[in-house]
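Here's the structure we're looking at; comments come further down.
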Amino acid sequence: MASLDITRSIDIEAPITKVWAALTEPELIAQWFGDTAEFDPRPGGAGSFGWTNHDKGPFRVLVEHVDEPKTLIYRWARESNADPVQGNSTLVRFDLAEIDGGTRLTLVETGFEELAEPRSAHDGNVEGWQAELGDLVEYVEAR
Amino acid sequence: MSDTSKDVPAVLAVLADETRWNILTEVGAEDLSASALADRLPVSRQAIAKHLSVLADAGLVESVRVGREIRYRAVGTPLGKLADELDAIGRQWDRRMEAIKRIAERPD
């Protein structure tokens, strides 16, 4: 069943502070997310991730929530050179938890349905609609 | 960043309308004419026709002629494609998470 949320989790054999650094320090971000990165890990902080082989400008991010070293949430514009606002962006959330021998990192990217039509994000139907999409995909494909 | 972000909103935008959603659900179950849809849904036949044309442009429905009637049916491909695109975005995250792991596990 398809879902419009993307969730990933990985166990890392490193202390939580090192994982936090990889997520928040621009020179480290540039090693896993695009090729160039600017990032200010504070609420309201702006950033941008660029791709050198991409013909478009960088994709901007806006930090929404920071709870060092446990939670980081930012909005990521899906179009280049645009400030991320609801309707043109998705929300990227990282949660870090200390586990035996290291850190568990969990990623959730949400808001794909908001990309569709900003209005639909406000009418309260998004969640139900999201669950239905998965059903419909299955339903139609099974025909 | 790949092109995956481009088509997802296009299909979603078409689906984000409740009436279009209901139409697609109905023609997902059986082939129906615009009149039959208008009987089932609280929407005028004119509005149904407009929504059907949007759905057809997005490749989500196709029309079939049955006698002198035109009926519509859902096409699964764009929805499957949407699911595939979300999968692709997920796989990008798999690669990023692996890279984060390598970076964090690097000795100082």
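Order of the sequence lines fixes the chain letters, A, B, ..., with proteins taken first and strands second; residue numbering starts at 1 for each chain.
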Practice item. Find the one option among Asp11(A), Thr103(A), Thr7(A) whose heavy-atom pairs under 4.5 Å with chain B are most numerous. Key: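 Ranked by heavy-atom pairs under 4.5 Å with chain B, first place is Asp11(A).
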
Using heavy-atom distances under 4.5 Å, tell me whether [X] contacts chain B through its side chain, its backbone, both, or neither.
{"X": "Ile29(A)", "answer": "neither"}
{"X": "Ser9(A)", "answer": "backbone"}
{"X": "Phe49(A)", "answer": "neither"}

Exercise for review: Look at the rings of Trp93(B) and Trp76(A) and say which category their plane angle falls in: under 30° parallel, 30 to 60° tilted, over 60° perpendicular.
Suggested key: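 If you compare the ring of Trp93(B) with that of Trp76(A), the planes turn out perpendicular.
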
Should [X] and [Y] be regarded as members of a common hydrophobic cluster, given that ILVMFWY residues are connected when their side-chain heavy atoms come within less than 4.5 Å of each other, either directly or indirectly?
{"X": "Leu52(B)", "Y": "Val54(B)", "answer": "yes"}
{"X": "Ile70(B)", "Y": "Val61(B)", "answer": "yes"}
{"X": "Phe94(A)", "Y": "Leu91(A)", "answer": "no"}
{"X": "Phe39(A)", "Y": "Trp32(A)", "answer": "yes"}
{"X": "Leu55(B)", "Y": "Val43(B)", "answer": "yes"}

Exercise for review: Using the side chain to side chain contact (heavy atoms under 4.5 Å, CB included) rule, pick out the option among Met97(B), Gln92(B), Arg96(B) that qualifies with Arg8(A).
Suggested key: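 Considering Met97(B), Gln92(B), Arg96(B), a side chain to side chain contact (heavy atoms under 4.5 Å, CB included) with Arg8(A) is found only for Met97(B).
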
Point to revise | Under 4.5 Å from a heavy atom of chain A, the part of Arg106(B) involved | key: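 Both backbone and side chain.
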
Review point. Any ion pair linking Asp108(B) and Lys18(A) (charged N to carboxylate O, less than 4.0 Å)?
Key: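 A salt bridge links Lys18(A) with Asp108(B).
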
Exercise for review: Without swapping roles, check the side chain of Glu105(B) against the backbone of Ala14(A) for a donor-acceptor pair under 3.5 Å.
Suggested key: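 It does not hold such a pair.
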
Practice item. State, with a plain yes or no, whether a side-chain heavy atom of Leu105(A) is found less than 4.5 Å away from one of Ile100(B). Key: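 When only atoms from C-beta onward are counted, Ile100(B) and Leu105(A) do touch, with a gap below 4.5 Å.
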
Check your understanding: Roughly how far, to the nearest 0.5 Å, is CG of Leu28(A) from CD1 of Ile103(B)?
Key ->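 Atom-to-atom, Ile103(B):CD1 and Leu28(A):CG are 6.0 Å apart.
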
Point to revise | Approximate separation, where rounding is to 0.5 Å, of Ile10(A) CD1 and Asp94(B) CG | key: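 Reported to 0.5 Å precision, the distance equals 8.0 Å.
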
Exercise for review: Provide the closest heavy-atom pair for Val19(A) versus Ala104(B) in the form atom of the first, atom of the second, distance.
Suggested key: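 In this case the closest contact between Val19(A) and Ala104(B) is CG2-CB, 3.9 Å.
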
Check your understanding: For atom CD of Glu62(B), is the number of surrounding heavy atoms from other residues, nucleotides or ligands below 6.0 Å larger than 12?
Key ->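 Counting other residues, nucleotides and ligands, CD of Glu62(B) exceeds 12 neighbours.
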
